[in-house]
Amino acid sequence: MSDRPLKIAVIAGEVSGDLLGGDLIAALKKRHGGPVELVGVGGDALEREGLRSLFDFSELSVMGLTQVLARLPRFLSLIRQTAKAIIEARPDVLLIVDSPDFTHRVAQRVRKALPDLPVVDYVCPSVWAWKEYRAKAMLDYVDAVLAVLPFEPEVMRRLGGPPTHFVGHRLTTNAKLLETRAARAGKLPKRADEQKTIMLLPGSRGAEISALLPVYGQAMVEFTERNGPSRFLLPTVPRQEARVRQMIADWALKPEVLVGEDAKWQAFAEADAAIAASGTVILELALATVPMVSTYKTDWLMTLISHRIKIWTGALPNLIADYPIVPEYLNDYVRPGNLLRMAERLATDTLERQAMLAGFDLAWKRLATDRPAGEEGARIVLDLLRDKGILPQNA
């Protein structure tokens with residue numbers, strides 16, 4: 001506990017990072033005990049903790065190299081604007097949360113102006129997938145990394161990166177997820193002749209929704225033709241609701257559009273299987289024990305340089321378990337026929353479903369920690385501030 005005011009700069013560029021950041025800030029407030037002032041960029045979760053975002057962080061939710069290049073002048077302007085605001089605020093610590101293309105560039109600028117400012121990176125960049133040299137480069141502007149995947153500290157040590165600590169993932173202690181997981185524990189798989197409930201999750205970015213939702217729509221039609229009347233749930237975030245409703249406006253068969261966190265978790269509880277965009281939601285589904293198909297479409301420029309990607313899978317449950325649990329369909333293989341047939345297998349009591357659920361159980365065990373991720377992260381951040389002399393040792 002401390003009465004000393006603590007000024008924290010925090011930058012999160014996407015919904016998943018905003019949720020992680022909000023969780024960490026809440027734990028820091030509780031552990032610090034004194035006043036906490038926030039400056040930086042974030043969304044709803046961080047704003048609930050008292051942040052007034054410098055700009056609408058959805059501007060950073062771009063997908064693919066072509067989109068980044070198209071918006072490069074604005075992107076660079078936001079980097080300069082954010083770094084300038086943080087330098088002027090002279091915080092006690094800078095927390096950068098995921099979205100490394102943006103957050104790391106801001107951190108580099110801030111570190112040059114404030115060389116003694118501690119910088120903590122929450123969510124290890126995927127140096128194990130490509131651009132391994134980034135790990136060592138981070139030594140110049142990052143003091144500690146909070147990793148959400150259990151294998152990352154060893155990877156960063158091998159690559160010569162900053163000290164990296166596995167803190168676990170906030171999802172393993174998320175109340176809504178735990179409620180959903182408990183509700184699904186007694187849920188029996190549907191018989192072949194029963195009506196199925198399929199969840200469609202085309203992502204939270206405009207570009208991925210535009211790329212994936214039309215394919216999901218066709219898969220939905222063909223699934224119904226093969227299996228009879230079925231229920232389709234489409235959770236989305238508030239800022240994408242208008243886009244989703246516009247895209248499905250002329251569909252003869254429409255999914256139920258659900259908006260907000262509570263509606264999303266209710267859909268998780270009811271779904272027999274899901275078709276989802278690759279990303280954090282794949283891990284949410286796995287931990288909630290919802291069988292799923294993972295999909296991803298890259299832009300043409302990313303496809304050209306895909307040979308540089310070293311990782312064998314893009315699905316987090318697969319990485320955590322270290323074997324293929326979740327089937328993945330990429331680019332041209334994101335076809336209605338592929339998606340609906342796998343959804344059929346996962347929505348009923350098949351060997352595929354049983355094997356997937358066993359894999360989810362292993363991923364849960366490897367990801368779970370004794371202490372919630374936010375609390376462990378807060379402890380590491382405050383210890384760093386004590387070591388740097390910014391907080392007294394007894395604070």
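Since this is a predicted model, take the numbers as computed values, not measurements.
Using a cutoff of 4.0 Å between basic side-chain nitrogens and carboxylate oxygens, D272 and K190 are scored as salt-bridged. Here K29 pairs with E49 in a salt bridge; the nearest charged N to carboxylate O distance falls below 4.0 Å. Taking the charged nitrogens against the carboxylate oxygens, R158 and E154 have no contact shorter than 4.0 Å, which rules out a salt bridge.
No donor-acceptor distance shorter than 3.5 angstrom exists from the side chain of S126 to the backbone of C124, with no hydrogens or angles considered. Checking side-chain atoms of T82 against main-chain N and O of I79 turns up no donor-acceptor pair under 3.5 Å. Using modelled atom types, one side-chain atom of E208 and one backbone atom of R205 make a donor-acceptor pair closer than 3.5 Å. Using a distance-only test at 3.5 Å, with no hydrogens or angles considered, a donor-acceptor pair links the side chain of R181 to the main chain of L287. Distance alone, capped at 3.5 Å, places no donor-acceptor pair between the E352 side chain and the L346 backbone. Counting only distance, with no hydrogens or angles, the side chain of R184 and the backbone of T289 share a donor-acceptor pair below 3.5 Å. Within the 3.5 Å criterion, the main-chain N or O of K176 finds a donor-acceptor partner in the side chain of T180. Side-chain N or O atoms of T197 include none that pairs as donor or acceptor with a backbone N or O of Q195 at under 3.5 Å. Under a 3.5 Å cut-off, the side chain of S53 and the backbone N or O of D56 do not form any donor-acceptor pair. Between the side chain of N338 and the main chain of Y333, a donor-acceptor pair closer than 3.5 Å is present.
In this structure, the side chains of W251 and L213 come closer than 4.5 Å at one or more pairs of heavy atoms. Using a 4.5 Å cut-off on side-chain heavy atoms (C-beta onward), L285 and L201 make contact. For the pair D262 and Q266, the minimum side-chain heavy-atom distance is 4.5 Å or more. A 4.5 Å side-chain heavy-atom check between D98 and E14 finds every atom pair outside the cut-off. A heavy-atom distance below 4.5 Å is found between the side chains of M356 and P327. Here the side chains of S230 and M220 are not in contact, with every heavy-atom distance at 4.5 Å or above. Side-chain contact between R74 and E59: present, with at least one pair of heavy atoms (C-beta onward) separated by less than 4.5 Å. Under the 4.5 Å side-chain criterion, counting only non-hydrogen atoms from C-beta, L362 is not in contact with I325.
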Apply side-chain contact (heavy atoms from CB on, under 4.5 Å) to residues E241 and V244 and explain how you reach the verdict.
CA-CA 5 Å; E241 180 184 3; V244 169; 5.9 Å; no
Using salt bridge (charged side-chain N to carboxylate O under 4.0 Å, His left out), reason through E88 and K84 one step at a time and then give a plain yes or no.
CA-CA 6 Å; E88 290 176 351; K84 181 175 183 291; 2.6 Å; yes
Let's go through V290 and E284 carefully: what are the C-alpha distance in whole Å and the side-chain angles of both, what is the deciding distance for side-chain contact (heavy atoms from CB on, under 4.5 Å) to 0.1 Å, and is it a yes or a no?
CA-CA 9 Å; V290 183; E284 290 181 332; over 6 Å; no
Trace of the salt bridge (charged side-chain N to carboxylate O under 4.0 Å, His left out) decision for E344 with R341
CA-CA 5 Å; E344 287 174 345; R341 284 170 174 80; 5.8 Å; no
Can you check side-chain contact (heavy atoms from CB on, under 4.5 Å) on V106 and I96, steps first, answer last?
CA-CA 9 Å; V106 173; I96 55 175; 5.8 Å; no
Would you please test R109 and R80 for side-chain contact (heavy atoms from CB on, under 4.5 Å) and show each step?
CA-CA 8 Å; R109 284 175 170 265; R80 291 191 295 268; 3.7 Å; yes
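Contact detail for L20 and Y122: the closest heavy-atom pair is O-CE2, 3.5 Å. Listed here is the closest heavy atom pair of V15 and F57: N-CE1, 3.9 Å. Smallest separation of non-hydrogen atoms from M292 and A286: CE-N, 3.5 Å. Minimum heavy-atom separation, L24 to G374: CD1-O, 3.6 Å. Residues N318 and V326 come closest through the heavy atom pair OD1-N, 2.8 Å. When all heavy atoms of P5 and D92 are compared, the closest pair comes out as O-OD2, 3.9 Å.
Interatomic distance, OG1 of T173 versus NE2 of H169, reported as 10.0 Å (0.5 Å rounding). Here the CG atom belonging to L6 is positioned 9.0 Å from the CG atom belonging to L38, to the nearest 0.5 angstrom. The line from CG of L19 to CG of D23 is 8.5 Å long, rounded to the nearest 0.5 Å. Going from atom CG of N174 over to atom CH2 of W265 covers 5.5 Å, rounded to the nearest 0.5 Å. For the atom pair CD1 (I248) and CZ (F232), the distance works out to 12.5 Å, reported to the nearest 0.5 Å. The line from CD1 of I198 to CG of L233 is 9.0 Å long, rounded to the nearest 0.5 Å.
Not a single salt bridge (charged side-chain N to carboxylate O under 4.0 Å, His left out) links R366 to another residue, sequence neighbours left out. Listed by chain and number, the residues in a salt bridge (charged side-chain N to carboxylate O under 4.0 Å, His left out) with D361 are K365 (sequence neighbours excluded). For R191, the salt bridge (charged side-chain N to carboxylate O under 4.0 Å, His left out) criterion is met by D193, E194, not counting sequence neighbours. Among residues two or more places apart in sequence or in another chain, the salt bridge (charged side-chain N to carboxylate O under 4.0 Å, His left out) test is passed with E270 by R231.
For residues 212-222, the set of pairs meeting the side-chain hydrogen bond (donor to acceptor under 3.5 Å, both in side chains) definition, not counting sequence neighbours, comprises Y216-T295, Q218-E222.
Heavy atoms from other residues, nucleotides or ligands lying under 6.0 Å from CZ of F55 number more than 12. Other residues, nucleotides and ligands place no more than 12 heavy atoms under 6.0 Å from the CG atom of D332. Remark: R371 CZ is packed, more than 12 non-hydrogen atoms of other residues, nucleotides or ligands lying under 6.0 Å away. When the shell of 6.0 Å around NZ of K187 is examined, it contains more than 12 heavy atoms from other residues, nucleotides or ligands. In K136, the NZ atom is not crowded: 12 or fewer heavy atoms of neighbouring residues, nucleotides or ligands sit closer than 6.0 Å.
Defined by atom type and a distance below 3.5 Å, a donor-acceptor pair is present between the side-chain atoms of T313 and E328.
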Atom pairs and distances, side-chain donor-acceptor, residues 138-151, under 3.5 Å, sequence neighbours left out:
| residue | atom | partner | partner atom | Å |
| --- | --- | --- | --- | --- |
| Y141 | OH | H104 | ND1 | 2.8 |
| D143 | OD1 | K388 | NZ | 3.2 |
| D143 | OD2 | R111 | NH2 | 2.7 |
| D143 | OD2 | V119 | N | 2.8 |

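Taken together through direct or relayed side-chain contacts under 4.5 Å among Ile, Leu, Val, Met, Phe, Trp and Tyr, L177 and V237 form parts of separate hydrophobic clusters. Residues V281 and L258 are members of separate hydrophobic clusters, defined by side-chain heavy-atom contacts under 4.5 angstrom among Ile, Leu, Val, Met, Phe, Trp and Tyr. Connection of V39 to V110 is not established within any shared hydrophobic cluster, with ILVMFWY side chains joined at heavy-atom distances below 4.5 Å, either directly or through further cluster members.
Taking the ring centre of F102 as origin, the terminal cationic atom of R105 falls outside the region bounded by 6.0 Å and 45° from the ring axis.
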